[in-house]
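Counting from 1, the numbers follow the sequence of the chain as shown.
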Amino acid sequence: IYWSMAVSYAIFGVHDWAARLPLALGVIFLCWLTARFARWAFNETSGLYAGLVMATCIGLWLFTRIQIPDAILTATITLAMWSFLQAMESGEAKHAYVMSAAMATGLLLKGLIAMLFPLAAIGLWLTIAGRWSEWRKLRPFTGTLILLVIAAPWHALATLRNPPYFDFTMKSEPGQYHGFFWFYFFNEHILRFLNLRWPRDYDTVPRHLFWGLHLLWFFPWSAYLPGLIGLQYRGQDRASRLRLLCLCWIGFILVFFTFSTTQEYYSLPTYPAFALLLGCAIAQDSVWIRRGAKLLGVLTTLAALAIGLVV
């Protein structure tokens with residue numbers, strides 16, 4: 001994200017809006033990508049609703065007020081997931097290559113989770129769907145080469161310019177620096193996950209809040225979350241395959257951070273999966289969706305009355 005900010009400065013000059021422009025464009029791309037993904041798998045109406053959910057939920061607006069790469073990382077994960085399903089459906093190599101390139105880009109943005117999250121969700125999906133026999137469609141060997149070509153040069157250069165080169169110390173202490181390789185792979189990944197990282201310039205959210213606050217982050221659309229119960233997750237059609245992938249996508253990330261240090265925005269990569277499922281559910285207009293609409297009507301009325309009393 002800092003490279004894109006530097007490019008924006010070079011083109012437009014040093015301004016606050018120029019610094020925020022790459023992130024803003026990344027968020028627009030994320031919302032468009034989510035809408036297109038839903039349209040491809042479900043229908044036009046679902047695509048519209050999925051895009052609206054993504055673009056208007058409170059969490060996305062709140063967590064993009066600061067310059068962090070998580071929203072753009074989320075876009076790369078979403079692109080990787082869509083490319084995976086396209087590769088499994090068509091068998092065309094180009095989709096597998098896009099999946100690898102998307103993960104490599106995310107790796108440059110925020111480290112190994114850009115690979116871990118898609119690969120873990122894909123692994124779960126292949127297991128549940130019983131389709132491991134089709135793994136060749138993903139072109140893993142060529143894909144690995146693409147990933148290395150995109151992501152390895154920067155990591156190698158950073159390691160060479162910040163020795164020592166290979167330190168495997170599993171302890172992080174004040175004043176102790178063991179080179180870029182250790183800092184990046186151990187301190188920023190393993191030790192952060194284990195809550196042993198130094199410096200302690202971060203906090204962690206209690207687990208019940210980490211899960212429960214999603215009702216707020218997805219408001220007003222969280223009123224429709226019960227509608228996900230009635231969706232079809234097992235089937236051979238494209239829509240069912242995506243819905244199952246969304247469950248694997250959401251489930252792995254939320255469970256992963258349940259056992260790690262957590263910030264409120266860490267679950268941002270699950271937002272497109274929630275938006276895809278919600279867009280599909282809202283378009284079906286089930287009884288749960290109608291109840292959610294009534295609940296929102298009640299909440300809106302109560303909010304209007306409260307504002308009226310205060311004013």
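Between K171 and E173, at least one side-chain N (NZ, or NE/NH1/NH2) sits under 4.0 Å from a carboxylate O, which counts as a salt bridge.
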*Tell me, with the steps shown, if E89 and R241 meet salt bridge (charged side-chain N to carboxylate O under 4.0 Å, His left out).*
CA-CA 10 Å; E89 181 174 303; R241 290 196 296 268; 2.9 Å; yes

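Taking hydrophobic clusters as Ile, Leu, Val, Met, Phe, Trp and Tyr residues chained together by side-chain heavy-atom distances below 4.5 Å, L108 does not share a cluster with L148. Hydrophobic clustering of Ile, Leu, Val, Met, Phe, Trp and Tyr side chains at less than 4.5 Å, counting indirect connections, unites L225 with L299.
For F256 and F117, the gap between ring centers is short of 6.0 Å. A ring-centre distance under 6.0 Å is not found for F183 and H178. A distance of 6.0 Å or more separates the ring centres of F180 and Y165.
Atom CZ of F168 has more than 12 heavy atoms from other residues, nucleotides or ligands within 6.0 Å.
A ring-ring contact (aromatic ring centres under 6.0 Å, His included) with Y271 is found for one member of W61, W217, F218, Y266 and no other, namely F218.
Classified by interplanar angle (parallel below 30°, tilted 30° to 60°, perpendicular above 60°), the ring pair H214/F274 is tilted. Classification of the W125-F84 ring pair by plane angle, with boundaries at 30° and 60°, yields perpendicular.
Within the structure, side-chain hydrogen bond (donor to acceptor under 3.5 Å, both in side chains) contacts touching residues 23-33 (residues at least two apart or in different chains) do not occur.
Counting heavy atoms from C-beta on, the side chains of V98 and Q86 never come closer than 4.5 Å.
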